[in-house]
Amino acid sequence: VAKVEPILYGDRKVYTVSSFNRGIGSYLGRLPAVWVEGEVTELRRNDAWATVFLTLKDPATGSTLRVTIGRRAFDRLELSLEEGETVHVAGRAELYEQKGELALRASTIERVGLGAHLLALEKLKRRLAAEGLFSPARKRPLPRLPRAVGILTGADAAARGDLVATIGARFPAAKVVVCETRVQGHGAPARLVGALGALAAHPEVDVLVLARGGGSFEDLLPFSDEVVVRAVSSCSVPVVSAVGHEQDTPLCDLAADARAATPTAAGALVVPDLGELVTALEGSRRRLTLAVRVLLERDTARLTRLGERLRVAPRLFLERRRSALDHTGARLQALSPLATLGRGYAIVRAGAEALRDAAAVTPGDRLDIELASGSLGATVDDVRP
Amino acid sequence: VTDERSFEELQRELEEIVTRLERGDVAVDEAIALFRRGEELYKTCVERLRGAELRIEELTPPRSAG
C-alpha cells in the first residue's frame with residue numbers, strides 16, 4: 001500500500017484526491033465489523049459482475065447506506081430478497097477510493113424476523129450475567145502447555161482443519177482429542193453438553209476448544225443455549241470459544257475462559273510456539289553455562305590469591321622476625337660497655353675485678369687497662385684516695 | 001533423565017537452577033552438580049519438544065445425550 005503523503009506548498013500540506021481517499025480508506029478499514037439494520041432498496045445483481053450492490057435505507061429518517069457483497073457469497077445465502085425487506089447486514093465500512101464513496105462491505109445478510117429469538121437471548125444473557133456467569137473473575141488462565149487439547153467441533157472440516165493445522169505447526173509435540181458432534185439443529189445443545197463432558201473427562205485433556213465456523217443466526221443458536229452456556233461455565237477444564245465470526249457473540253463466548261475470533265487464533269491460544277519455547281530453553285542454557293563459569297572463575301581467582309599469600313607468608317614471617325632482631329641488637333649495642341670505651345673511657349682491672357676505688361690498690365700493683373682498641377699493662381706509682 | 005514430570009515442571013526446575021547459580025551463593029561442588037543437572041534438564045526438555053509428532057485421537061460423543 002502506497003503511503004499517504006502530502007505535497008508541500010510552503011507550510012501548507014496538500015493531499016491529492018487519491019491519496020486523501022486512500023488515507024480515509026485505510027482508516028475505515030481498521031473499524032470493527034458490525035451489524036447494520038435497514039430496508040433493502042436498489043438491489044443490483046448481474047451474473048457478469050463479481051459484486052452485488054444494494055442500498056440500505058433507514059425507514060425512520062430516510063438515511064441510506066451503500067452495501068456491497070461478493071456475488072458468490074450473496075448467492076450462497078439464497079435469500080431471494082425483495083426491495084423493502086428489512087435485513088441485518090454484517091460487514092465492515094469500506095471506501096470505494098476511485099469515487100470516494102462509503103460502502104458497507106457485507107460478509108453476510110440475514111432477513112429480520114428473528115426479533116423474538118433476539119429478545120429471549122437478551123433476557124437470558126442478562127439473567128446469566130446477573131448470576132455472575134460472565135464475570136472476569138471466573139475466567140481461568142489457560143495452561144501454557146496442555147497434555148492434550150480437546151476439540152469440540154461439528155462436521156465443519158474447515159474449522160477443525162485450521163485448528164489442528166495451527167496446533168501442529170506451532171507445537172508439533174501436541175496431542176489433540178477431537179470430538180465431532182452435530183452442533184446445529186434440534187438436540188444440538190444436549191449433544192454439545194455431552195461432548196463437552198466427555199472431552200473434559202478425558203484424562204489428558206487440559207484445555208478445550210469449541211470450534212465452529214460462521215453460520216446464520218439460527219445455526220449458532222445452540223451455542224447460546226442455557227444448558228450449553230452453563231456447561232461451558234462449569235467445565236472442569238478451561239474452555240476457549242471459537243464460535244462464529246467476529247461480529248457474532250454467542251453466549252458461550254461470554255462464559256468461556258477465553259474467546260478466539262477464528263480457529264487459527266484459538267490454536268495460538270492453546271499451545272505455545274515451539275520456536276519461542278526452544279529460544280527460551282536455549283536462553284536458560286546460556287545463562288546456566290555463564291553462571292557456572294562465573295562461579296568457577298570467582299573460586300579460581302580466590303584460590304590463586306590464597307596460593308600467592310601462602311607462598312609469600314614464610315618470607316614475610318622471617319622479615320618481620322629479622323627486623324625485630326635488628327632492633328633488639330641495636331638496643332643491646334647501646335648498652336654495651338664497649339660502646340662507652342669508643343667514646344674514650346677505659347676499664348681498669350686489678351686482677352679479674354674492675355677497679356672502682358683507688359684505695360683498693362697500693363703502689364707497685366699491676367694494672368690491666370682495657371681501651372676501645374687493645375689494652376695496656378701498667379704499674380701503680382702512687383695512690384690518692 | 002527419565003522424568004515423569006510435565007515439561008513445564010522440568011522447565012521450571014531448569015529456571016530455578018539457573019537463578020541459583022546466577023545468585024552465586026553456591027559452593028563449587030554443588031555448582032558443578034547443579035550445572036550437570038541443568039544440562040540434563042535442558043536436553044530432556046529439547047528432546048520432548050522435538051521428539052513427537054502431532055497425535056490426534058477421535059472421541060465418540062456419548063450416545064445417551066442426544
Side-chain angles (χ1 to χ4, degrees), chain A residues 143-148 150-152 164-165 167-169 171-182 186-199 201-202 204-206 272 274 277-278 280-296 298-300 303, chain B:
Chain A
R144 231 161 51 86
L145 212 157
R147 285 167 298 170
I151 298 177
L152 202 176
V164 170
I167 290 175
F171 193 66
K175 175 174 180 179
V176 297
V177 179
V178 185
C179 186
E180 227 174 77
T181 187
R182 274 179 53 82
H186 184 69
R191 276 192 294 272
L192 283 172
V193 172
L196 260 174
L199 280 170
H202 187 285
E204 287 177 299
V205 168
D206 289 332
L274 176 70
L277 271 184
V278 169
L281 277 175
E282 273 161 9
S284 293
R285 186 198 204 178
R286 257 199 310 280
R287 285 168 55 206
L288 180 72
T289 314
L290 185 69
V292 84
R293 191 189 302 151
V294 166
L295 267 179
L296 290 182
R298 189 193 66 187
D299 284 345
T300 308
L303 204 60
Chain B
V1 190
T2 48
D3 207 320
E4 287 302 305
R5 290 178 304 162
S6 75
F7 176 90
E8 274 170 298
E9 284 169 312
L10 297 179
Q11 200 188 9
R12 200 173 312 127
E13 192 190 337
L14 174 58
E15 269 300 308
E16 281 164 9
I17 286 176
V18 171
T19 312
R20 272 195 72 189
L21 282 177
E22 281 178 341
R23 222 171 33 227
D25 51 356
V26 190
V28 178
D29 287 345
E30 202 191 351
I32 289 166
L34 282 173
F35 172 73
R36 292 220 172 101
R37 173 83 189 132
E39 276 282 303
E40 276 176 15
L41 285 166
Y42 166 78
K43 283 186 188 129
T44 310
C45 285
V46 169
E47 272 163 28
R48 283 218 192 159
L49 290 182
R50 298 212 186 273
E53 288 273 300
L54 180 68
R55 291 159 297 156
I56 302 180
E57 179 184 328
E58 301 286 341
L59 198 68
T60 318
R63 283 257 152 249
S64 56

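We name chains A, B, ... by the order of the sequence lines, and we start the count at 1 in each one.
If you take CD on B:Glu57 and CD on A:Glu204, they are separated by 7.0 Å, rounding to the nearest 0.5 Å. In this structure, OG1 in A:Thr181 is found 11.0 Å from CG in B:Leu59, a value given to the nearest 0.5 Å. Atoms OG1 and CD, from B:Thr60 and A:Glu180 in turn, are 10.5 Å apart once rounded to the nearest 0.5 Å. Within the model, atoms CG of A:Leu288 and CZ of B:Arg37 stand 11.5 Å from one another, a figure rounded to the nearest 0.5 Å. Note that CD1 of A:Ile167 is 9.0 Å distant from CD1 of B:Ile56, once rounded to the nearest 0.5 Å.
Contacts of B:Asp29 classified as salt bridge (charged side-chain N to carboxylate O under 4.0 Å, His left out), with partners at least two apart in sequence or in another chain: none. In this structure A:Arg293 satisfies the salt bridge (charged side-chain N to carboxylate O under 4.0 Å, His left out) test with no other residue, sequence neighbours excluded.
Within the 4.5 angstrom heavy-atom criterion, no atom of A:Leu152 approaches chain B. Of the atoms belonging to B:Gln11, it is side-chain heavy atoms, and not backbone ones, that fall under 4.5 Å from chain A. Heavy-atom distances place the side chain of A:Leu296, and not its backbone, under 4.5 Å from chain B. For A:Glu282, the parts sitting under 4.5 Å from any heavy atom of chain B are the backbone and the side chain alike. If you measure heavy-atom distances from A:Arg298 to chain B, the contacts under 4.5 Å come from the side chain alone. With a threshold of 4.5 angstrom between heavy atoms, A:Val177 approaches chain B through its backbone and through its side chain. The contact between B:Leu14 and chain A is made entirely by side chain atoms (from C-beta outward), counting heavy-atom distances below 4.5 Å.
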Query - Residues A:Arg287, B:Glu15; criterion salt bridge (charged side-chain N to carboxylate O under 4.0 Å, His left out); working and verdict - result: CA-CA 9 Å; A:Arg287 285 168 55 206; B:Glu15 269 300 308; 3.6 Å; yes
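Contact detail for A:Ala291 and B:Leu21: the closest heavy-atom pair is CB-CB, 3.6 Å. Smallest separation of non-hydrogen atoms from B:Phe35 and A:Val292: CD1-CG1, 3.5 Å. In terms of heavy atoms, B:Ala31 sits closest to A:Leu295 at CB-CD1, 3.6 Å. Residue B:Cys45 comes nearest to A:Leu281 through the heavy atom pair CB-CD1, 3.5 Å, listed as atom of the first residue, atom of the second, then distance.
Interface check for chain B: of the options A:Arg182, A:Arg147, A:Arg144, the most heavy-atom pairs under 4.5 Å are formed by A:Arg144.
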